[in-house]
Student: 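Here's a structure for you.
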Amino acid sequence: MTSPIAEAADPFLAGLNQAQQDAVLATSGPVLVVAGPGSGKTRVLTHRIAWLIEREAVHPSEILAVTFTNKAAREMRHRVEALLGGRDVAGLVMGTFHSFGVRLLRQNPGLVADRLGVLPNFVIYDDGDQVETAKRSIIAVGLDPKQIAPRRVLSRISAAKSLLLTPEEFANAAETYDDEVIARIYKDYERALRKANAVDFDDLLALPIRLFDAAPSVLERYQQQFRHILVDEYQDTNRVQYVLVAALADKHRNLFVVGDPDQSIYGWRQADIRNILDFKNDYPDAREIHLELNYRSTRRIVETADRVIRDNTQRIDRRLRTENEDGERIILRELSDGQHEAQFVVDEIRRVTTRDGFRFDDVAVMYRTGAQSRVLEEAFRRSEITYRIVGGVRFYERKEVKDILAALRLLYNPSDEISLERVIANYPLGKGIGPKALDAIRTWATLQGRTLLDGFIALAPSLEANHSAPDLVGSGRAAAQKVGVVFAELRDEANRLALAELFDAIVERTGYRAGFDQESEEDLERWANVLEVRADMERYDLLPPGESLPTYLEQVSLVSAVDEMEDDPQGRVTLITLHSAKGLEFPVVFIAGVEEGLLPISRAIEADASGDPAPLEEERRLFYVGITRAEKRLYLTLAGGRATYGRWQASDSSRFLAAVPQQHLHTLGRREAARTGPSPRGSSLGDRVRQRSLDDWAPPAAPARTTAAPAAPALPTVTYVTGQRVFHPKFGEGTIREAVDRKGEQELAIDFKRHGVKRLLSSLAPLEVIG
DNA sequence: GAATGCATGGTTTTT
DNA sequence: CCATGCATTC
């Protein structure tokens with residue numbers, strides 16, 4: 001071991017504080033890192049991996065790192081490679097729990113088929129497929145999907161799977177009649193999945209564990225392989241994930257988990273905060289390291305976050321600190337309704353970007369429910385501000401995209417009836433096939449023990465004399481025959497063709513392409529989406545034949561909302577749910593809808609009222625997560641009421657606001673609200689918060705908003721060059737690092753002494769050349 | 001079997 | 001309010 005001074009000079013430790021260095025260097029035995037927001041945990045993870053590879057000669061393939069999103073995994077991989085001076089770490093196993101689960105199943109096809117009954121060409125059912133399957137199972141057990149909500153059933157099934165309960169175990173543990181009903185549906189749901197050779201998200205975690213149980217030698221092999229296991233966002237792991245990690249780490253015991261109990265926001269997905277709280281019980285020799293110094297946000301933001309989270313009773317007491325400058329006050333603004341709130345956000349973003357030197361992509365607008373994005377989006381559309389919505393209607397959820405994927409999945413896995421039925425229902429090729437024809441073919445398939453698709457193919461003209469075929473006559477038979485012919489051809493060609501060619505064959509021969517009206521604006525846009533799928537597929541054609549289709553389908557199933565979020569040079573404002581925003585950071589953050597019923601969500605309020613405070617505390621953590629995403633400036637907005645289901649609903653300001661320290665708050669007036677507010681409001685908690693804060697308000701101490709003089713409109717065009725020193729009223733002195741010419745202006749990267757590198761437009765930034 | 005029109009109910013968060 | 005599902009009609 002080298003001396004501390006030599007360590008600090010080590011490139012893998014450079015720039016890390018003592019606690020961070022400790023975390024990097026504690027490479028033997030279990031380690032729990034409790035990392036507050038902005039405390040540099042990603043740096044710790046990447047430096048640790050680099051350290052292991054370079055200094056301890058651990059081969060990349062001996063390291064497993066689990067992240068919360070694929071995007072995080074990609075970025076981490078790049079950072080590790082950069083730390084290693086560009087060295088390739090291809091063997092490093094890095095990804096989400098789910099992608100790792102798929103990997104385990106794919107790597108053991110024989111055993112998975114043999115012991116678990118899941119054939120190698122399984123497909124992953126997405127949310128919609130799961131709902132559809134659950135619905136059918138409800139019907140199969142003689143119930144009505146309108147009486148029992150498929151979604152509720154699914155969430156119960158998911159919870160059961162997260163606890164590794166089989167349908168039988170679940171049935172045995174049933175306490176109420178409702179449980180028994182769910183148990184019966186669960187059983188049929190599993191049967192349906194296996195019959196379709198499909199797995200759901202929870203299976204991706206549970207099946208590997210069942211595989212390990214059935215074949216301990218497989219587990220041993222992985223235990224042997226993964227000398228080091230790192231898990232990020234450990235506070236959001238559930239029981240299955242815990243068991244999986246614990247099993248894999250059992251041999252070498254080099255388990256390194258990073259998390260923050262205060263950022264646990266997935267309790268509803270069975271994330272179990274005990275995993276992190278009990279880590280020291282599970283591993284008595286565990287080293288515990290705390291990262292509490294926040295490098296991300298201003299002191300006002302950090303103190304506000306700290307004060308807010310202190311109201312939670314179910315937490316370990318600790319303090320989030322920072323050495324950063326005070327920064328600006330948090331801006332609170334109440335508007336009359338959702339529309340005005342959205343307009344305020346848009347107007348404020350315009351100011352922030354034209355006057356204060358921020359770019360669109362410095363800004364994020366966060367909200368509790370996806371539904372809130374709609375009003376916001378409308379306001380953005382009316383403005384000139386470019387934006388992107390993370391989540392929302394996801395690309396792969398679009399009808400036309402799902403149609404294409406259904407055909408591909410069917411070709412890959414002919415047992416996938418949900419996809420077949422989707423093809424029949426949505427492709428021109430499926431015209432003329434109704435429930436009657438489908439029924440006849442299904443009967444035949446069941447009798448013959450063949451797939452539904454085989455039924456269609458059996459109807460196609462064949463050289464084979466009097467082979468068995470479904471009992472169908474007339475137009476139904478003709479239509480089904482056509483389907484059989486086309487899919488028999490496609491199936492035969494699927495292995496020979498490149499993915500993109502297979503795509504072309506599908507859209508041509510099924511008449512799918514012809515079904516788009518080239519005159520219709522809407523159709524053109526949808527067709528553009530379909531073509532985007534094709535472009536996406538081309539990238540997979542680099543893989544060996546036979547691997548491109550499964551890899552593509554798998555990738556599509558496992559992308560998360562955040563994964564789809566690309567870094568864009570054009571600069572767009574990000575609209576995102578608070579949940580999806582976890583792990584991200586932005587110079588300017590708006591949290592919209594800080595209202596009772598929304599944040600905290602009404603269900604949490606109800607649970608609290610009936611004696612269960614846990615959901616409410618999770619809401620508070622969600623607010624905490626939102627606050628701590630902000631680096632420089634934080635806006636909180638709320639509406640006096642909003643239209644839900646087309647109905648007006650008044651709302652009170654969130655109880656969480658009462659915790660925001662007055663000295664950090666700047667409440668903006670509400671002239672606009674009084675002008676158009678549809679309904680006057682009584683004296684709410686929100687009013688009291690507002691009133692008090694108005695009384696206390698003093699002009700912001702930070703230079704911020706008021707000092708930035710409007711850029712002189714007649715400013716002569718200055719051409720900036722690299723190395724030039726400039727002065728900015730807000731950011732102070734800086735040096736031009738980069739100057740790129742854009743029609744009539746320049747895009748400048750300026751390294752400010754106190755604020756770091758900012759990207760500004762020469763036409764907008766009030767810059768003064770000095771020296 | 002397809003097109004049209006009416007009723008119903010859904011918004012918490014996601015891999 | 002809007003999307004989905006179902007019933008009615010051709």
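Heavy-atom basis, side chains included; hydrogens, waters and symmetry copies ignored. Below, chain A is the first sequence line, B the second, and so on; all start at residue 1.
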Student: Determine whether a donor-acceptor pair (N or O, by modelled atom type, separation under 3.5 Å) exists between the side chain of Ser264(A) and the backbone of Pro261(A).
Tutor: no
Student: Passes salt bridge (Lys or Arg N to Asp or Glu O under 4.0 Å), Lys135(A) versus Asp144(A)? Steps please.
Tutor: CA-CA 8 Å; Lys135(A) 209 181 275 180; Asp144(A) 180 358; over 6 Å; no
Student: What integer distance in Å separates Leu205(A):CG from dT14(B):P?
Tutor: 18 Å
Student: Please report the interatomic distance CZ(Arg655(A)) to CD(Glu596(A)), rounded to the nearest 0.5 Å.
Tutor: 4.0 Å
Student: Whole-Å distance between dT14(B) P and Arg269(A) CZ?
Tutor: 9 Å
Student: Under 4.0 angstrom, heavy atoms only, what part of the nucleic acid is Lys399(A) near: base, sugar-phosphate, or nothing?
Tutor: nothing
Student: So where does chain A start and stop touching DNA chain C, 5' to 3', when the test is distance under 4.0 Å to a non-hydrogen atom?
Tutor: dC1(C) to dG5(C)
Student: As an exercise, state the distance from CD1 of Ile185(A) to OG of Ser137(A), rounded to the nearest 0.5 Å.
Tutor: 8.0 Å
Student: Would Arg315(A) and Glu617(A) pass as an ion pair if we require N to O under 4.0 Å?
Tutor: no
Student: Let me check something: any side-chain donor-acceptor pairs from residues 124-131 of chain A under 3.5 Å, sequence neighbours excluded? List them with distances.
Tutor:
from, atom 1, to, atom 2, distance (Å)
Tyr125(A), OH, Asp416(A), OD1, 2.7
Asp126(A), OD1, Gly128(A), N, 3.0
Asp126(A), OD1, Asp129(A), N, 2.9
Asp126(A), OD1, Lys402(A), NZ, 3.4
Asp126(A), OD2, Lys402(A), NZ, 3.1
Asp127(A), OD1, Arg151(A), NH1, 3.2
Asp127(A), OD2, Arg151(A), NH1, 3.2
Asp127(A), OD2, Arg151(A), NH2, 3.0
Asp129(A), OD2, Asp126(A), N, 3.0
Asp129(A), OD2, Arg409(A), NH1, 3.2
Asp129(A), OD2, Arg409(A), NH2, 2.8
Gln130(A), NE2, Tyr125(A), O, 3.3

Student: Summarise how protein sits on nucleotides 6-13 of chain B as a single string, 5' to 3': B when a protein heavy atom is under 4.0 Å from the base, S for sugar-phosphate-only contact, - for no contact.
Tutor: ----BBBB
Student: Round to the nearest Å and state the distance from Glu233(A) atom CD to dT14(B) atom C1'.
Tutor: 14 Å
Student: Look only at the side chain of Asn108(A) and the backbone of Leu104(A), and say whether a donor-acceptor pair between them is shorter than 3.5 Å.
Tutor: yes
Student: Would Arg106(A) count as a cation-pi partner of Phe122(A), with NZ or CZ less than 6.0 Å from the six-membered ring centre and within 45° of the ring normal?
Tutor: yes
Student: Between Phe68(A) and Ala437(A), who's closer to the 5' end of DNA chain B by nearest nucleotide?
Tutor: Ala437(A)
Student: Could you give the CG-to-P distance, from Asp202(A) to dT14(B), as a whole number of Å?
Tutor: 16 Å
Student: Taking atom P in both dT13(B) and dT4(C), compute the distance separating them and give it to the nearest angstrom.
Tutor: 16 Å
Student: Taking atom C1' of dT15(B) as reference, at what distance in whole Å does atom CG of Asn238(A) sit?
Tutor: 10 Å
Student: Find the distance Gln270(A):CD to dT15(B):C1' and express it as a whole number of Å.
Tutor: 13 Å
Student: Which residue lies toward the 5' end of DNA chain B, Ser99(A) or Ile433(A), if each is placed at its nearest nucleotide?
Tutor: Ile433(A)
Student: Both conditions, 6.0 Å and 45 degrees, for the charged tip of Arg239(A) above the ring of Tyr242(A): are they met here?
Tutor: no
